[in-house]
Chemist: 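One structure, as structure tokens, below. Some questions next.
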Amino acid sequence: MKVDRRSFLGLGLGAVAGAAVSPAGMKLTDDSSIMTQNWFGLLPVPIDGEITFDNSVCSLCKGSCGITVKKVAGRAIKIEGQDDHPINKGGICLHGIAGLQYLYDPSRIKSPLQKIGDRFEKISWDDAVSHIAEKLTAIKDQQKPESIACISGNDEGSVSELFKRFLKVFGSNNFYSMASMDTTWETTASKMHGKSNTLSFDIENSSFILSFGSGFIEGWGSPVHCFKTNAARKKKNVNLYQIEPRLSNTAAGADKWIPIKPGTEADLALGLCNIIINEEIYDITSISKSNSSFQAFSKMVAKDYTPEKVAETTGIDLALIKQIAHKFAWADKPIAIAGKGRGDTAGDTKEFAAVHALNCLAGNINKKGGTWVSRKNNYLKFPLAKMDSIAKNGFSKPRYTSFETLIDKVAQSSDSDIQALFVLNSNPCYTMRDSDKVIKAFENIPFKVSFSSFMDETAKKADIILPTHMFLERYEDIPSPSAGITKKTVGLSRPLVKPIFDTNNAGDAILMIAKALKGNVAENFPWSNYKKCLESVTKDIWSSLSDKGFVVLTDKPSYLKPSTDFFHVTNNLKSVEAQGDKKSFPLTLISIDNVRIAGGEIASSPFAIKTVSDKVIKGTDILVELNPETAAKARLAHGDKAKITTPVGSALVKVNVFEGIMPGLIGMAQGLGRTLDNKYVADKGVNINKLIAPVIEPGSGQDAAWGIAASISKV
Amino acid sequence: MDSALIPDGAKRCSFPVFAIGIAAVGAVLLWGVFAMFLIWFKGLNQTNMNDYYGFALWIWADLAVIAIGGGAFFTGLLKYIFGIDELKNIINFAVIIGFICYSSALLILAIDIGQPLRGWFIFWHANVHSMLTEVAFCLSCYFAVLVIEFIPNILENKQLIKIPFLRHVNHNMHGIMAVFAATGAFLSFFHQGSLGGVTGVLYGRPFGVREGLLVWPWTFFLYTFSAAAYGPTFTILVTKAVEKITGKKLVKDNVIRLLAKIAGWMILVYIVAKIIDTIYWANVTAPQLGFTLNDFYGHGFYRIWILYAEIIIGGILPALILIFKRSRENSTLLVLALILAVFGVCLNRWVMVLQVMAVPVMSFDQWAHYFPSWQEIATTILPVAYGIILISLTYRYLPVFPQEQELYPETIAAAKAEAEAKVQEEDAKKA
Amino acid sequence: MKQEQKHGKTYKFGMAIDLDKCTGCGSCMVACMSENNVPFKVDESNKKDSISWMKVFKLTNGKSFPDTEICYLPRPCMHCSGKDSHNPSPCVSVCPATATDTDPTTGIVSQIYTRCFGCRYCMAACPYHARYFNWWDPKWPEGMEKYLSPDVSPRMRGVVEKCSFCFHRYQEAKDKAYVEDRDEINEEEYQTSCTQACPAGAITFGDLNNPSHAIHQLVKPDPHHYGKPRNPKAFRLLERLETNPKVYYISEKEWVRKSGDNYLEGEWEKVKNHHG
Amino acid sequence: MFPFSFEWVWDAAHIIFFGGLWYALSILGMGMTYVIFKSLYDVIWGKESEGH
């Protein structure tokens, strides 16, 4: 067929017309519609499946909240608060909800590691354990079993007990736990009420709360329990007075915020005692005038803590001081609490004693809504440890008063008394003050074993890392913290998902090491695995623990009314002061516990970091709070870059001008400046612990620093 | 080299000079194209837009080019509907400028949306209550009109007009052009208006919101009117620029002055309406919502000067220059007025897009500031380069300006003589 | 489909947040992120491109030390009812592709991610900044995509997303009611993730049409004025714009209530007791 | 969107809006079709024109 121009045009037009009416267009439209709506490969498509809910306990902090984990086809997809749990009653904090970001974090330590030179290399569990056993055997062979030590995040619970037992039967008394306000409360309770080990606060039932800087709704005590208590308090019209130099969230939520010069809290408490004693508005049923310690105490406060004097020291208006004293004394069930911020560190002994003196004057000891003094409830029943002669000898050697003093000593010389260190549930190279010194001390310890899930600041310094399961992968008994909560419970952490990586329970790890050591040590660990051990040592409560997931050990105050000894307070205690020369460091750096930033051994999750204000983190910079007056003096404006210098270090920061902080102070968030491999969390801001020097109290040996003298200048 | 394509009798620069010029502008174009692909492949994170600035430089560019491209519809309306015949001498160019502006606007929109491949959803799943749907509908239809209006001009190319079919198409299109022009004017009216409606209906944004008539906020009418008023000023400005560059007079002064006069009066009427709108908005609309003028103009770049600049410098001043015969006929003042007018309408669009985003609405919210990324700037300059190239090509190869030959009889005579000589030569050869 | 809707019950879900109870702890934000597969990136400190369906603002009373006060204000999507039938919520009325719409049976403002083509007009329309654009491809670190919930589809780059009042939870509750042959879902069966997580119990969620629901008793919505609260301590953000949100705030503090809207000088004094 | 699309609603807004769209498109379409067929006719049946 000859195609001339005419037929060509005709054909062309026909084709156009045909295409226009054919269904091809519609079909293509439809297809491209679907195509643009499903970008295969670019977006993850979550697999659906059977939905299940399992209960467990969160152990990201000491709060021990009950959690319910929603799973789909075996994957954990959401963590929620467990509704019927006695501690958190369905509530949950942001760190707990973000728990799965820890569990599935690809930057977790995936297998045991051994440090060779400057690098970590993968090894098997067997090799790691036998390597550790070899080292320990050598130490024991030198007859120096006391030169091994262990630092743990807590000293309760079966895993800590297993480590303690290991050290004991090996021959070392050097088991330490990281100090917190609980430690100071325990000291206070023992000193003022005789042999008793815990002190807890029934804030839930109090009718007036006087808080000396406690971040009551910022992670203090058992955080979610406190949140719940706070909400209930508002409903019941129970007042909260918050005494602290900065408008924290707690201060903002309180009925009254009383700014105070930092470090003078003890003075205020004693000044209040003065008024209460002077006006005889203390509880006469529990305080006997004839008590000699009370007489001494009365004399001391009358002499040294007159309201006028206290008003001057603390910077609080005299009338207000009187008002607080009356409000406290006249309240039906008042309670005074201390422990700055989250209470993650040990407190000032004098301050705690003075605050507790208020509780004693109010006569609220072992009453509903008051302060409960009681023995530690030990629910664990371990068989008696059998020690050989080397162990007995080693165990009887003197121990350091605290881990801080140990570090202090070790940092001074490379020829240290400590040959090996186990690090469990803690991150001292990050959380301890003057962390550069801590890191130096770690370098002086020849052999360190870390039981960590993450390559944190301390794990990085270890020679061997035995990676542990995350809390959703393991069994463990989780006792509730002592100070914040009166309802003493123990919860059961359960393995809800299969271990993601080649990790183990820390309990199993220590059992493996014990077995590898053979002999006497191995004999003391007869259990085939940690779960068996847990079952046997909790046998009294195991059935209800495994059934319900928690057991309430105490929920009533002891009937016992312990006597009160005020000599502890009159005993010439000194308040902890900010270190540093005021001339070169005219300002004071204080740490801010921000509920959205995890401050302890575990770093924040990506989600938690995401919630942090741009007035705290901006890019990789940390912003510090300055009162406009302080900022103006230093010629700094909001957003300016500045350098903070303290006697122990310096850091580059940015400025956040905030009206709610007392002039003369620099407020810096705790918990930043992490150096993990997790890019979502690490390298943001600075670790405030690098800037603060520890102040070790002579009596307790614990670091009770709350700040440090500092200066700030524009960069 | 390309003389076979150049209109008879027109004098154009040599091809190498032309090629170098195009290459220089082409480099800028390529830079823009590179940025465009960067955005398409990597996504809008290449821009400095954010959740506060969802609309930014591009939407401003879009609104601005459409406003200044309004010369096409308004000149067409005047010529085809109102029968002002002199304007036939500039209509071709007005259409080309309109075509450039609208094709640029569509291109920018295709870069601006987060899922460009789903762009057609606006037609397929249209929400008929959205101003943006109206914009899309009218914009694409009107672009079709511009293509139709542009085709006859292309067909007038020396080589194309030789093809009988195309010659007939050209002829027949001219025959019914008034229908297309009328459709175009109708579509333009609505899409210019609906662009104005885009911010006017944002009742959550007290800076942008306006009361209005039925479903249309006052900005709807203000935008239509301002495009009609300011569009021709851009057409004249570009004509002037082309004349300056080519060193030739292309459109007779009476045509220019007529269009300038119309634009002047239009701008005056518009600016009066705009002042009334501003006064009403500042004293009635905004206070009802709890805002004073100070709340809107009082931070960083956005201060009250911007309002004065828009109304006085970009409105009253050019209007006055264009209205009065003496100033209008002074070529320096005329160009100044044209520049101010274009600046004025562009500033208006800027304020109506970017300042709306900058002003905090919640009492505890903050002013938001933004500066475009280089990718945004490059893609915004891209249409400018593209426009220059298209104008160069059309000027070189198409008889865009009918009066060009009239204005230069001597060049025509020379060309004719040359052609005749050629014919004679050929005849001589044949013989 | 349309027939089914006719038979179903019509709800008007809303939320009331007690600002005096809110401690600014951030649980609601993270509860929302983990419930709704919200992505995260390395630097989230530029809050103008950080996706957080629930965002907690920090308000101050503007006074200097020591009279400073702060208040946290959690801001989900307001699920505006809109001005009138021609002007539904600011965002719904402008979306050119009907990618966002008001669900007639629940009053919830939806967002269809696969429909959205990313013009961001809705974001320009929303004075609350409740809408977020996916400037980046959502990327989860290797292995972390295991925690993604199949109830909520992850969003692709180039589309807008926002709080949905956990609409999938409503569907779940509705399915359950259907299986159990009930017409209505119970108050406790449908609660958003943030409501459930809030440890302070500051959030109340429920049906504004149902007088037996806690939220109704709390805010006492006025049906004749688009649900304007009749409780004098309750207020809505930007009430004067007539967006008519279904999210209410409650505070005893006057300065906090005043922060909820914009007032000319002296205006607040006149309206504070029966505001605006 | 066509009247048979699932999202179509028979209300004034849709009718006016899409009516306008399809009306404008059909004017343009019909106009161009007319021009093309007229030109074809002119070419085939030899009506010569002077262009314009």
Side-chain angles (χ1 to χ4, degrees), chain A residues 37-39 42-44 46-49 72 75-81 88 90-94 97-98 100-101 103-107 217 224 227-228 230-231 234 247 249 252-253 257 259 500 595-596 606-614 617-619 627-628 659-663 679-680, chain C residues 20-27 29-31 33-35 37-38 40-47 50 52 56 58 60 62-66 68-72 114-115 117 137-138 140-157 193 196-202:
Chain A
Q37 290 171 352
N38 295 286
W39 299 108
L42 285 177
L43 267 188
I47 300 153
D48 215 340
V72 171
R75 300 180 295 127
I77 65 150
K78 176 97 190 278
I79 297 181
E80 284 164 2
N88 54 314
I92 185 160
C93 80
L94 78 168
I97 304 168
L100 299 177
Q101 292 198 321
L103 175 69
Y104 292 116
D105 184 355
S107 71
I217 47 174
V224 179
F227 285 132
K228 290 268 168 192
N230 186 59
K234 294 217 167 184
L247 182 62
N249 288 1
W257 167 41
I500 315 279
V595 67
R596 298 187 199 164
F607 273 160
I609 287 290
K610 194 172 171 170
T611 66
V612 175
S613 157
D614 56 355
I617 305 175
K618 187 78 195 166
N627 186 284
E659 297 279 6
I661 187 163
M662 183 177 267
K679 61 183 175 181
Y680 301 95
Chain C
D20 298 340
K21 279 188 191 161
C22 174
T23 64
C25 75
S27 286
M29 295 160 91
V30 175
M33 290 175 197
S34 64
E35 177 81 14
N37 297 340
V38 173
F40 53 90
K41 29 182 225 302
V42 175
D43 182 8
E44 293 281 9
S45 69
N46 178 2
K47 298 300 174 190
S50 172
S52 184
V56 179
K58 187 177 181 179
T60 62
K63 292 191 182 162
S64 55
F65 183 90
T68 323
E69 284 181 42
I70 53 177
C71 172
Y72 289 94
T114 51
R115 174 72 67 79
F117 64 84
D137 275 310
W140 283 269
E142 193 198 338
M144 225 188 252
E145 73 283 344
K146 283 203 194 98
Y147 75 59
L148 294 180
S149 160
D151 296 334
V152 184
S153 52
R155 282 74 59 184
M156 58 288 282
R157 183 181 88 194
S193 179
Q196 183 192 26
C198 178

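Everything quoted here is computed from the prediction, not taken from an experiment. Just so we're on the same page: letters track the sequence lines, and every chain starts at 1.
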Chemist: Is chain C contacted by the side chain of A/S107, its backbone, both, or neither, given a heavy-atom distance below 4.5 Å?
Modeler: neither

Chemist: I'd like to verify something: which residue of A/L100, A/N249, A/V224 has the highest number of heavy-atom pairs under 4.5 Å with chain C?
Modeler: A/N249

Chemist: With respect to chain C, which residue among A/A252, A/G619, A/P628 yields the maximal number of heavy-atom pairs within a distance under 4.5 Å?
Modeler: A/G619

Chemist: Indicate yes or no: at least one non-hydrogen side-chain atom of A/Y104 is less than 4.5 angstrom from one of A/R75.
Modeler: yes

Chemist: Considering only heavy atoms, which portion of C/K63 lies under 4.5 Å from any heavy atom of chain A: side chain, backbone, both, or neither?
Modeler: backbone

Chemist: Does any backbone or side-chain atom of A/N627 lie under 4.5 Å from a heavy atom of chain C? Answer side chain, backbone, both or neither.
Modeler: side chain

Chemist: Determine the option with the most heavy-atom pairs under 4.5 angstrom with chain C, choosing from A/G90, A/A98, A/P606.
Modeler: A/P606

Chemist: Please classify the contact of C/F117 with chain A as side chain, backbone, both or neither, using a heavy-atom distance under 4.5 Å.
Modeler: neither

Chemist: With a 4.5 Å cut-off on side-chain heavy atoms, are A/I661 and C/F65 touching?
Modeler: no

Chemist: Check whether any side-chain heavy atom of A/T611 sits under 4.5 Å from a side-chain heavy atom of C/V56, and report yes or no.
Modeler: no

Chemist: Any idea which of C/P141, C/G201, C/S50, C/G143 has the most non-hydrogen atom pairs under 4.5 angstrom with chain A?
Modeler: C/P141

Chemist: Please state whether the side chain, the backbone, both or neither of C/E35 comes within less than 4.5 Å of a heavy atom of chain A.
Modeler: both

Chemist: Would you mind telling me which of C/C22, C/S64, C/G26, C/P199 has the largest number of heavy-atom pairs within less than 4.5 Å of chain A?
Modeler: C/P199

Chemist: Could you tell me which residues satisfy side chain to side chain donor-acceptor pair (under 3.5 Å) with C/S193, sequence neighbours excluded, listed by chain and number?
Modeler: A/K78

Chemist: Give the member of A/G253, A/P106, A/A231 that has the highest number of heavy-atom pairs under 4.5 Å with chain C.
Modeler: A/P106

Chemist: Among the options A/L247, A/I217, A/D48, pick out the one with the most heavy-atom pairs lying under 4.5 Å from chain C.
Modeler: A/L247

Chemist: Does the pair C/M33 and C/S52 meet the rule for a side-chain contact (heavy atoms from CB on, under 4.5 Å), with working shown?
Modeler: CA-CA 7 Å; C/M33 290 175 197; C/S52 184; 3.8 Å; yes

Chemist: Are any side-chain N or O atoms of C/S27 and backbone N or O atoms of A/I92, one a donor and one an acceptor, separated by less than 3.5 Å?
Modeler: yes

Chemist: Less than 4.5 Å to any heavy atom of chain C: does that hold for the side chain of A/N230, its backbone, both, or neither?
Modeler: side chain

Chemist: For A/A76, is it the side chain, the backbone, both or neither that has a heavy atom under 4.5 Å from a heavy atom of chain C?
Modeler: backbone

Chemist: Taking side chain as C-beta onward, heavy atoms only, is A/L94 less than 4.5 Å from A/R596?
Modeler: yes

Chemist: Which bit of A/I47 comes within less than 4.5 Å of chain C, counting heavy atoms only: side chain, backbone, both or neither?
Modeler: backbone

Chemist: Under the 3.5 angstrom rule, does the side chain of C/E44 hit a backbone N or O of C/K41 as a donor-acceptor pair?
Modeler: yes

Chemist: Which bit of A/K679 comes within less than 4.5 Å of chain C, counting heavy atoms only: side chain, backbone, both or neither?
Modeler: both

Chemist: Between the side chain of C/K47 and the main-chain N/O of A/D614, is any donor-acceptor distance below 3.5 Å?
Modeler: no

Chemist: Are the side chains of C/M156 and C/P138 in touch, meaning some heavy atoms are under 4.5 Å apart?
Modeler: no

